[in-house]
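Count residues from 1 along the sequence. In each ligand, atom 1 is the first atom listed, and ligand 1 is the first ligand listed.
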Amino acid sequence: MAQNQDSSRENVLRSARLYVLLTQAHCRIRILDAVHQVIRGGADVVQLRETEAGDREILRHARELRRITANAGVGFIVNDRPDIARLARADGVHLGQKDLPPAAARKLLAESQILGISTHSVEQVRRASEEGAEYISVGPIFPTPTKGYEQGVGVEYIRAASEATDAPLVAIGGITVDRIQQVLSAAPGRQVIIAVCSAILGAEDIEAATASFKDAIQRHLFLLGA
Ligand code: 3NM
């Protein structure tokens, strides 16, 4: 049993490189349609990040995304809501600094579900690591209107975070294809997953935009010999 739990936690993140946030407010088409393009483009993990919908709609979307991602072998995380993550059998939940404390969220999650935590300082990285986060998100690396951040913390924060925890890192905030090299060079040898919302969901061709991120990531890793 314990072995299965470990392997299912590990599987969601193992070799994950591209993590796409699905927020309806940033997408011209229905996110339930966009997800197919995101998957075809090569996303490894998708997150349901609803900012405006009611609970019933969020649960309905979460269940549908679970079905689609399970068929495609893609990871599925629910933002903010461990209750919805549990009901929809997502792979896990993503918590911000003002969401439920990780220990409380764990009580709602199944044993096999993972917990990711957003951080904005090295102190928060250390705490998230102590709290047993399966991945730690670091951002906003660059300014981003998606969450109203006028300033980014810079790629230096990725390096500092990599020294403060052994957990996989998810770099987020204003990341574009042109910035991939800069982001991934900040912590060579570490698993840094690239998280993107607007540069993919706001693109005319969502599948092509996703694929261009994945290509840029793979090119960088190939050049590093990783
Ligand atoms: N969280 P985009 S930055 C949802 O720093 C979110 O924790 C952030 O969207 C953090 O790729 C961010 O459009 C927005 O910038 C990510």
Side-chain angles (χ1 to χ4, degrees), residues 16-29 31 34-35 37-38 41-53 58 76-81 85 92-100 102 105 115-129 131 133-162 164-165 167-180 182-184 186-187 192-204 206 209-214 216-217:
R17 290 293 175 182
L18 180 60
Y19 181 138
V20 178
L21 279 66
L22 300 171
T23 302
Q24 189 60 65
H26 295 284
C27 196
R28 282 174 296 104
I29 60 173
I31 54 170
V35 69
Q37 298 186 42
V38 163
D44 302 302
V45 178
V46 299
Q47 180 192 110
L48 175 61
R49 179 174 175 268
E50 284 291 10
T51 50
E52 288 163 15
I58 298 176
F76 174 49
I77 303 288
V78 173
N79 190 43
D80 287 0
R81 299 287 300 269
V93 71
H94 183 91
L95 298 177
Q97 291 290 321
K98 292 182 183 164
D99 295 328
L100 283 180
L115 192 68
I117 300 181
S118 282
T119 68
H120 315 289
S121 69
V122 172
E123 180 49 39
Q124 291 176 355
V125 171
R126 289 209 182 89
R127 203 175 327 124
S129 196
E131 287 163 339
E134 272 79 26
Y135 74 80
I136 296 179
S137 146
V138 291
I141 304 303
F142 302 102
T144 172
T146 303
K147 216 177 164 184
Y149 291 123
E150 288 176 5
Q151 294 203 323
V153 291
V155 293
E156 175 60 20
Y157 177 43
I158 303 171
R159 190 194 58 74
S162 75
T165 182
L169 299 175
V170 171
I172 188 164
I175 300 181
T176 56
V177 170
D178 294 348
R179 288 166 161 167
I180 293 286
Q182 198 187 344
V183 169
L184 293 181
V192 177
I193 300 166
I194 301 285
V196 185
C197 181
S198 55
I200 286 179
L201 289 199
E204 197 58 44
I206 291 173
T210 311
S212 66
F213 270 92
K214 193 67 179 280
I217 294 166

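- Ile206 has its side chain within reach of Cys27: a pair of non-hydrogen atoms, C-beta onward, lies under 4.5 Å apart.
- When the side-chain contact (heavy atoms from CB on, under 4.5 Å) test is applied to Ser129, the partners found at least two apart in sequence or on another chain are Ile136, Thr165.
- For residues 137-157, the salt bridge (Lys or Arg N to Asp or Glu O under 4.0 Å) pairs, not counting sequence neighbours, are Glu156-Arg159.
- Taking the six-membered ring wherever Trp is involved, the centroid distance between the rings of Tyr157 and His120 does not fall below 6.0 Å.
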Can you pull every nitrogen or oxygen pair between ligand 1 and the protein closer than 3.5 angstrom?
{"residue": "ligand 1", "atom": "5 (O)", "partner": "Pro140", "partner atom": "N", "Å": "2.9"}
{"residue": "ligand 1", "atom": "11 (O)", "partner": "Cys197", "partner atom": "N", "Å": "2.9"}
{"residue": "ligand 1", "atom": "13 (O)", "partner": "Thr146", "partner atom": "OG1", "Å": "2.5"}
{"residue": "ligand 1", "atom": "13 (O)", "partner": "Ser198", "partner atom": "N", "Å": "2.8"}
{"residue": "ligand 1", "atom": "13 (O)", "partner": "Ser198", "partner atom": "OG", "Å": "2.5"}
{"residue": "ligand 1", "atom": "15 (O)", "partner": "Thr144", "partner atom": "OG1", "Å": "2.6"}
{"residue": "ligand 1", "atom": "15 (O)", "partner": "Gly174", "partner atom": "N", "Å": "2.7"}

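- Contact annotation: the side chain of Ile194 never approaches that of Arg17 to less than 4.5 Å [non-hydrogen atoms, C-beta and beyond].
- Under the salt bridge (charged side-chain N to carboxylate O under 4.0 Å, His left out) criterion, Asp44 pairs with Lys214, sequence neighbours left out.
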